[in-house]
Participant: 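The structure's right below; bear with me while I get my questions together.
Start at 1 and go down the list; that is how both ligands and their atoms are numbered.
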Amino acid sequence: MSNEEAKTAVAESTNHPRFDFDFHGLALDTIFDDYKVMQSECPVSWSDRYGGFWTVTSYADVRAVEHDTDTFSVAPSMILPSFGTDRPLIPLDIDPPELVAYRQMLLPFFTSKQMDLLVPRTREIARELLDELDGQEVMNASRFARFVPTMVFGEYLGFPMQDAELFDRWVDDIVFARTEDESIARQAANDVYDYLRSLIKLRRHDPGPDVISSLLAVDHGGRKLDDEEMLDICYLLFVAGLETTAGTIRSSLWHLAQHPQDLAALAADPSQIPTATEEFLRALSPVQAMARTVKQDTEIAGVKMRAGERVVLAFGAANRDPEVFECPHDIRLDRPANPHTSFGVGAHRCLGSNLARREVNVALTEFISRFPKFELAEPSPWHGTGRLALRRPA
Ligand code: HEM
């Protein structure tokens, strides 16, 4: 029996649609095939993983759930399984109306204009990292993909950059190891919280020109943020800001390494890179899905859900919904309209999208300008943090 048959066989033995959906680890290797089956056979289905959840796969239903904050809550967390902590990540795990004030307070740090100011430093960092790869016939691009966001965002937040290697190790343990061994993620989360506690204390006494120092001074509804709020905001920024963008740089390079025509087109005309980035975000999003919790009994696409049940919004499936995207499984770098859901679409829409877009655009522009031709040197998955070995043809 093939994997697909095994997954749909479960559905036949029960009276509500079931599909053994997973959106982490090795499951990402075949997730796009899963979406095809789910969208045609069971657009809303139940999976027993991670305590059990409904998966919603159509573009229209994902949008509807995102906008219906009366019926669907982000508590206890959008992150399933958790990032090693039971504390709410702020603002991700906060429902309206409290959400609104947190977002208003954070938005000025991430405006388009503010993020433009980071572009020259991003370029400088990208070039320094590329210098390390120069002269290597086979280069591991994974380090480049990870360190551009780590350095750019770490500096902006006010993290001591001599600890950059440590940050990446923690992100690995929190984001990637959590589905294999939860205790690894818990330990790393504790370590990050301890680190942040010391850093926040340091910045209180010795502020710098960075986000953490500015957050300590910000007015939040007539008061200052307390230490616990600061911790939960900084923890979210730390995890959300590093791994996601790194994943997009990686998957973009992975695609280009196997599509010489796409690579040649971007090398010949780098002004196409921002449009291509949107397509990479759509088709190979690093965040394939996030969770909500049903607040009151409801129904989606004829499937009844009870209060307390978890619902997973498969952004990656919505991005490949044939009702919205022509030939959704093709990667077309010049796709004219691209209303993807990779940054979310509702009250919690990603606050870092301006930053992420700039980081990916600069990273790809610099990489392609330095290495206009490259190919995969060994099979590598599109996702994850493992080696991405690229060879430059002689
Ligand atoms: C390619 C990179 C990224 C992707 C794909 C991504 C994706 C997402 C998604 C899907 C959400 C949840 C949206 C929802 O449920 O409606 C989110 C929220 C968030 N992201 Fe990102 N993100 C990326 C980069 C970043 C960066 C660089 C930052 C750093 C500032 C960041 C900060 C946040 C924050 C603070 C939230 C919570 C917003 C809220 O709850 O109101 N993200 N992101």
Participant: For atom 21 (Fe) of ligand 1, count the protein N, O or S atoms found under 2.8 Å away.
Facilitator: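 Of the protein's nitrogen, oxygen and sulfur atoms, 1 lie under 2.8 Å from atom 21 (Fe) of ligand 1.
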Participant: Check this for me: does any side-chain nitrogen of one of Arg186 and Asp86 sit under 4.0 Å from a carboxylate oxygen of the other?
Facilitator: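 Counted as a salt bridge, because a side-chain N and a carboxylate O are separated by less than 4.0 Å.
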Participant: Counting only heavy atoms not in Glu378, do more than 12 sit closer than 6.0 Å to its CD atom?
Facilitator: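 Yes, the 6.0 Å shell around CD holds more than 12 heavy atoms from other groups.
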Participant: I'd like to check which ligand 1 atoms, numbered from 1 as shown, lie under 4.0 Å from a non-hydrogen atom of Leu236.
Facilitator: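 So the atoms of ligand 1 that pass are 35 (C).
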Participant: State plainly whether the residues Asp194 and Arg197 are in salt-bridge range, i.e. N to O under 4.0 Å.
Facilitator: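 Yes, charged N to carboxylate O under 4.0 Å.
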Participant: With heavy atoms only and a cut-off of under 4.0 Å, state how Leu99 meets ligand 1: side chain, backbone, both or neither.
Facilitator: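 Looking at Leu99 and ligand 1, just side chain atoms fall under 4.0 Å.
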Participant: Check the pair His340 / Phe325 against ring-ring contact (aromatic ring centres under 6.0 Å, His included), numbers first and verdict last.
Facilitator: CA-CA 9 Å; His340 62 72; Phe325 299 97; 8.1 Å; no
Participant: Need the ligand 1 atom indices (1-based, order shown) with element for anything under 4.0 Å from a heavy-atom of Arg103.
Facilitator: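 Reading through ligand 1 atom by atom, the close ones are 38 (C), 39 (C), 41 (O).
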Participant: Are Asp134 and Arg370 ion-paired here, with the side-chain N under 4.0 Å from a carboxylate O?
Facilitator: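 Yes.
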Participant: Do NZ/NE/NH1/NH2 and the carboxylate oxygens of Glu124 and Arg127 come within less than 4.0 Å?
Facilitator: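 Judged by the 4.0 Å cut-off on N to carboxylate O distance, Glu124 and Arg127 do not form a salt bridge.
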Participant: For atom 1 (C) of ligand 1, what's the nearest protein heavy atom and its distance?
Facilitator: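 Ranked first by proximity to atom 1 (C) of ligand 1 is Thr248 OG1, 3.3 Å.
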Participant: Answer yes if the ring centres of Phe315 and Phe343 are under 6.0 angstrom apart, and no otherwise.
Facilitator: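 Here the rings of Phe343 and Phe315 have centres that are no less than 6.0 Å from each other.
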Participant: Among all protein heavy atoms, pick out the one at the shortest distance from atom 40 (O) of ligand 1; state its residue, atom name and that distance to 0.1 Å.
Facilitator: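 In this structure, atom 40 (O) of ligand 1 has His348 ND1, 2.7 Å as its nearest protein heavy atom.
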Participant: Quick test: of every protein heavy atom, which one is nearest to atom 29 (C) of ligand 1, and how far off is it to 0.1 Å?
Facilitator: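 Here the nearest protein heavy atom works out to Phe153 CZ, 3.6 Å.
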Participant: Does Tyr102 have a heavy atom less than 4.0 Å from any atom of ligand 1?
Facilitator: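 Contact absent.
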Participant: Touching ligand 1 at all, Leu281? Heavy atoms, strictly under 4.0 Å?
Facilitator: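 Yes; Leu281 lies near enough to ligand 1 that a heavy-atom distance drops under 4.0 Å.
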Participant: So, are Arg87 and Asp232 salt-bridged, with charged N and O less than 4.0 Å apart?
Facilitator: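 Salt bridge flag = yes for Asp232 with Arg87.
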Participant: Just do the side-chain contact (heavy atoms from CB on, under 4.5 Å) check on Glu66 and Arg292 with the steps written out, would you?
Facilitator: CA-CA 9 Å; Glu66 276 257 17; Arg292 298 290 189 272; 3.3 Å; yes
Participant: If the contact criterion is a heavy-atom separation under 4.0 Å, does Glu243 count as touching ligand 1?
Facilitator: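 It does not; every heavy atom stays at 4.0 Å or beyond.
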Participant: Would you kindly specify which portion of Met290 sits under 4.0 Å from ligand 1, judged on non-hydrogen atoms: side chain, backbone, both or neither?
Facilitator: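 Side chain only.
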Participant: Backbone, side chain, both or neither: what part of Leu313 comes under 4.0 angstrom of ligand 1, heavy atoms only?
Facilitator: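 Neither part.
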Participant: Taking distance alone, with N or O pairs closer than 3.5 Å, would you say Arg292 contacts ligand 1?
Facilitator: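 Yes, since at least one N or O of Arg292 sits under 3.5 Å from an N or O of ligand 1.
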Participant: Quick one: side chain to side chain donor-acceptor pair (under 3.5 Å) partners of Asp206, sequence neighbours excluded?
Facilitator: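 If we apply the side chain to side chain donor-acceptor pair (under 3.5 Å) test to Asp206, skipping adjacent residues, there are no hits.
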